[in-house]
Structure formats: C-alpha cells, structure tokens
Amino acid sequence: MTAASRLAARGLSVCVLEKSRGPGGRSATRREDGLAFDHGAQYFTARSDAFRRRVSVWEQAGLVAEWQPRLRVLGPRPNDLDDPPQRRLVAVPGMNGLIRRLADGLDCRYSCRLTSARFERQWQLETEVGKSLTARALLLTAPPAQSAELLGEGHALYPTLSTVPMQPCWAVMLGWDETLPVEFDAAFVNQGALTWLARNNSKPGRSGGESWVLHASDSWSEANLEEEPGRVIDSLYEALISIDAGFGKTPRIRTAHRWRYAMARRAMQKGCLVDGESRVVVAGDWCSGSRIEGAWTSGVAADRMLASLLL
C-alpha cells in the first residue's frame, strides 16, 4: 500500500489485487463476537529517521498511538530485546486500520487471487475467477515462494525468490467476558511452545472485553504446521495456563489462525528486487530486515524503482 499510494501520487494508474477480503495482510485484526484481536503483527517500532518522520505524521492524524504494556520476559532474555525499549506503536483502532487508510482512494480489488502472470511486452494477468488484466509493470508483494510460483522457473528472479526461507506461526485468539487476574499485558516467552502473549484490549483505541493473542514459536509452529486448529488451540492454551493460573477460567472465544509465511528466517537488506527487462519489482518486509518498518522501507524502494522504469 505504501508503494501503491506513492505511485498513484505520481500520476500513474495503479490497480491493487488482494486475495483477502480486505487490506492488512499480516497487519491483521479479526473481530469475533464483540471482541477484536490483532492476530498478526503485534506492534511496531521506528528505528530509522525516515520512518520516524512518517510515523509522526500518522500519529498526528490519529492513525497510530504508543502502546505501553506491562511487559514481562519469561525464560532466557533474548539478545534482540530492546534495551532501552523502543517506543512500541500500534495502528488504531486495529493493526489493519493504517493499511485501510493508505488504501483510501486507490483502485483496490479484494477477494481477487492472481493465478497467472506472463510478460509479453506488457504483463498479462489472470485471476482465479477468469478475469484478465494488462499492465506496463508489476509489483509483487506476496511471500517469496508465492511470487516465485507466479513468475515461473524461467524468470530471472526465480532463483533468488525460491531460496528465501520463511518461518510459520500459529496464532491463537482467546476471549473472556471478565477481566482476568493476570498482572501483565504482554510477555516475551522464550521457552516451550509459546513465544508471545498479549492482552489485546490493553492497546490504545481498542474496545470490548478481555482478549488475548498467543503466538507459537517458529519451531513449534513448523512441527505442527498441518495440525487441526482445535488441537493447536488446546495445546497452546495448556501452555498458557502453565505460565499463569490466572488464565484458568475457560474462555468464551477460542479460535486459531495459521500464518504459513510469518517472517523471513534470514531477511535481506536489498529494499526490493527488480528485473528491468520484464518491468517487475518484488517487495516485502523480508527484503528490508523484516518488521513493519521493513515493509514500509521496501514499499518506498519499490515506488522509486517502478517510477524509474515507467516515468
């Protein structure tokens, strides 16, 4: 959305194809029976001067707010834990709220899965429902394995894309009608099946009752990648209770989501990938060190690269 909004501002005709029902990707918010869960990206930080300036604009517009949770670290302290901590920021009223605003005014076509992309002097695109589109240039922000599949083995970017390892993550969402006697709002868990816990309703702009998001570790998620969601919920809820007995009351809402491509195992620092001959750019957080800031940085790089190819 960063690249699309910038390209549109340059006067280019931009069409966004998104297989999901709305914008957000892993900056996702799910609503279940009156409760909201940010079940993908939990928060973000701003490390570079450029991104801090952009975040300042979003904050002034009321799109972003600082989250100051009561935070615990359970198990060995990770080497990359902020010390002192960066400002933890969230989009308002959910993690997909900022993406929705970026999408305003753009030609976005949701529930539109791209199944074929061929370059013959221009791009010939086919969707799952049989609709055809053409474009002078193509920007792919799907996970690298899916982008590689669309471009095909003969494309110049295929060897790079097909060797970018991505880690999965099982997310579990739990909801209660009453406040739980748990004396923290978020925790890094560095042992066992879980890696992260967050009281979602402690974030700014959230409403509703007690809502928690659990993230499983990459190793546990990979080992249980094809497990039934119900069994995943049971296993991770059992791990949760072992951390704090305050979670012992049976939750009213229990649901799970599998992120097959959650984060790059070894992120690149390239900004984006480009093949000028076929006028295609591939971008994503995995191109710029992961994190939401990496996604924004990659989008800015993709905008500049596509502008150089088209203008």
Could you go through Tyr110 and Ser20, starting from their C-alpha distance and side-chain angles, then the distance that decides it, and tell me whether this counts as side chain to side chain contact (heavy atoms under 4.5 Å, CB included)? CA-CA 6 Å; Tyr110 301 112; Ser20 298; over 6 Å; no
Any donor and acceptor pair, going by atom type alone, linking the side chain of Lys203 with main-chain N or O of Gln42 inside 3.5 Å? yes
Evaluate the ring planes of Trp58 and Phe51, with Trp represented by its six-membered ring, and classify them as parallel (under 30°), tilted (30 to 60°) or perpendicular (over 60°). perpendicular
Show me the donor-acceptor pairs within less than 3.5 Å that the side chains of residues 299-311 make with the rest of the protein, sequence neighbours left out.
residue : atom : partner : partner atom : Å
Asp303  : OD1  : Arg10   : NE           : 2.8
Asp303  : OD2  : Arg10   : NH2          : 3.1
Ser308  : OG   : Met305  : O            : 2.6

Do side-chain atoms of Ser5 reach the backbone of Thr2 as a donor and acceptor pair under 3.5 angstrom? yes
Identify, with sequence neighbours excluded, every residue that meets salt bridge (charged side-chain N to carboxylate O under 4.0 Å, His left out) alongside Arg26. Asp285
Hey, does Leu74 have a side-chain heavy atom less than 4.5 Å from the side chain of Asn190? no
If we only count heavy atoms from C-beta on, is the Trp196 to Leu214 side-chain gap below 4.5 Å? no
Looking at Gln269, I want to see if its CD is surrounded by more than 12 non-hydrogen atoms of other residues, nucleotides or ligands under 6.0 Å. yes
Could you give me the CA-CA distance, side-chain angles and deciding distance for Leu240 and Leu174, then say whether side chain to side chain contact (heavy atoms under 4.5 Å, CB included) is met? CA-CA 11 Å; Leu240 179 68; Leu174 304 173; 3.6 Å; yes
Gap separating the OG1 atom of Thr163 from the CZ atom of Arg266, nearest 0.5 angstrom: 8.5 Å
For the residue pair Glu222 and Trp220, confirm or rule out a side-chain donor-acceptor distance under 3.5 Å. no
N/O donor-acceptor pair under 3.5 Å between Asn200 side chain and Ala36 backbone: yes
Please report the shortest heavy-atom distance between Ala41 and Ile292, naming the atom on each side. CB-CD1, 3.8 Å
Mind checking what makes ring-ring contact (aromatic ring centres under 6.0 Å, His included) contact with Tyr261, not counting sequence neighbours? none
Residues that Glu183 engages under salt bridge (charged side-chain N to carboxylate O under 4.0 Å, His left out), provided they are two or more places apart: Arg70
The ring-ring contact (aromatic ring centres under 6.0 Å, His included) partners of Tyr237 (sequence neighbours excluded) come to none
Give the C-alpha distance, both sets of side-chain angles, the deciding distance and a yes or no for ring pair (Phe, Tyr, Trp, His ring centres under 6.0 Å) between Trp212 and Phe247. CA-CA 10 Å; Trp212 283 79; Phe247 293 103; 4.8 Å; yes
Is any side-chain heavy atom of Val189 closer than 4.5 Å to one of Ile243? yes
Is there a donor-acceptor contact under 3.5 Å from the side chain of Ser235 to the main chain of Val232? no
Does one side chain, of Ser27 or Asn96, offer a donor that lies under 3.5 Å from an acceptor on the other? no
Flag yes if more than 12 heavy atoms outside Arg265 fall under 6.0 Å of its CZ atom; otherwise flag no. yes
For the residue pair Leu194 and His215, establish whether any side-chain heavy-atom pair is separated by less than 4.5 Å. no
Hydrophobic clustering (ILVMFWY, side-chain heavy atoms < 4.5 Å, transitive) - are Val14 and Ile99 grouped together? yes
Rounded to the nearest 0.5 Å, the CD1 atom of Ile233 sits from the CD atom of Glu238 at a distance of 14.0 Å
I need the minimum non-hydrogen distance between Cys287 and Ser298, along with the two atoms involved. CB-OG, 3.8 Å
Residue pair Glu210, Lys249: steps toward the side chain to side chain contact (heavy atoms under 4.5 Å, CB included) verdict: CA-CA 12 Å; Glu210 188 87 346; Lys249 184 176 175 60; over 6 Å; no
Taken to the nearest 0.5 Å, the spacing of Asp104 CG from Met1 CE works out to 9.5 Å
Below 4.5 Å, heavy atoms only, C-beta onward: do Leu273 and Leu161 meet side chain to side chain? yes
Return the CZ to CG distance between Phe188 and Leu197, rounded to the nearest 0.5 Å. 10.5 Å
Flag side-chain contact, heavy atom, 4.5 Å: Leu125 against Leu138: yes
Ignoring hydrogens and geometry, is there a side-chain-to-backbone donor-acceptor pair from Ser221 to Ser217 under 3.5 Å? yes
Residues that Val92 engages under side chain to side chain contact (heavy atoms under 4.5 Å, CB included), provided they are two or more places apart: Ala65, Arg206
If every non-hydrogen atom of Gly97 is compared with every non-hydrogen atom of Ala91, which pair is closest and at what distance? N-CB, 4.4 Å
Can you tell me which residue pairs pass the side-chain hydrogen bond (donor to acceptor under 3.5 Å, both in side chains) test with a partner in residues 164-180, sequence neighbours excluded? Gln167-Asp218, Asp177-Arg252
Is there a donor-acceptor pair closer than 3.5 Å between any side-chain N or O of Thr29 and the backbone N or O of Met95? yes
Gap between atom CG of Leu17 and atom CG of Leu133 - 0.5 Å precision: 6.0 Å
Residues in salt bridge (charged side-chain N to carboxylate O under 4.0 Å, His left out) contact with Glu293, at least two apart in sequence or another chain: none
Taking Arg258 first and then Glu226, would you say they form a salt bridge - that is, a charged N and a carboxylate O separated by under 4.0 Å? yes
For Tyr43, is the NZ or CZ atom of Arg88 found under 6.0 angstrom from the centre of its six-membered ring and inside 45 degrees of the ring axis? yes
Please name all residues satisfying ring-ring contact (aromatic ring centres under 6.0 Å, His included) with Tyr158, sequence neighbours left out, ordered by chain then number. none
Would you check if Ser211 and Arg199 make a side-chain contact, meaning some heavy-atom pair closer than 4.5 Å? no
Which atom pairs, donor and acceptor, lie under 3.5 Å between side-chain atoms of residues 112-123 and protein residues at least two apart or in another chain?
residue : atom : partner : partner atom : Å
Thr115  : OG1  : Glu126  : O            : 3.1
Trp123  : NE1  : Ser278  : O            : 2.7
Trp123  : NE1  : Arg279  : O            : 3.3

Single hit among Arg54, Arg52, Arg87, Arg53 for salt bridge (Lys or Arg N to Asp or Glu O under 4.0 Å) with Glu59: Arg87
Considering residues at least two apart in sequence or located in another chain, which fulfil the salt bridge (charged side-chain N to carboxylate O under 4.0 Å, His left out) criterion with Arg136? none
Between Phe44 and Val90, does a side chain to side chain contact (heavy atoms under 4.5 Å, CB included) hold up when you go through it step by step? CA-CA 6 Å; Phe44 63 97; Val90 296; 5.7 Å; no
Applying ring-ring contact (aromatic ring centres under 6.0 Å, His included), can you list everything that pairs with His257, at least two apart in sequence or on another chain? His39, Trp259
Distance-minimising heavy-atom pair for Gln191 and Gly75: OE1-CA, 3.6 Å
Taking the side chain as C-beta and beyond, is there a heavy-atom pair between Lys131 and Arg109 under 4.5 Å? yes
In Å, rounded to the nearest 0.5 Å, how long is the span from CG of Asp275 to CG of Leu157? 5.0 Å
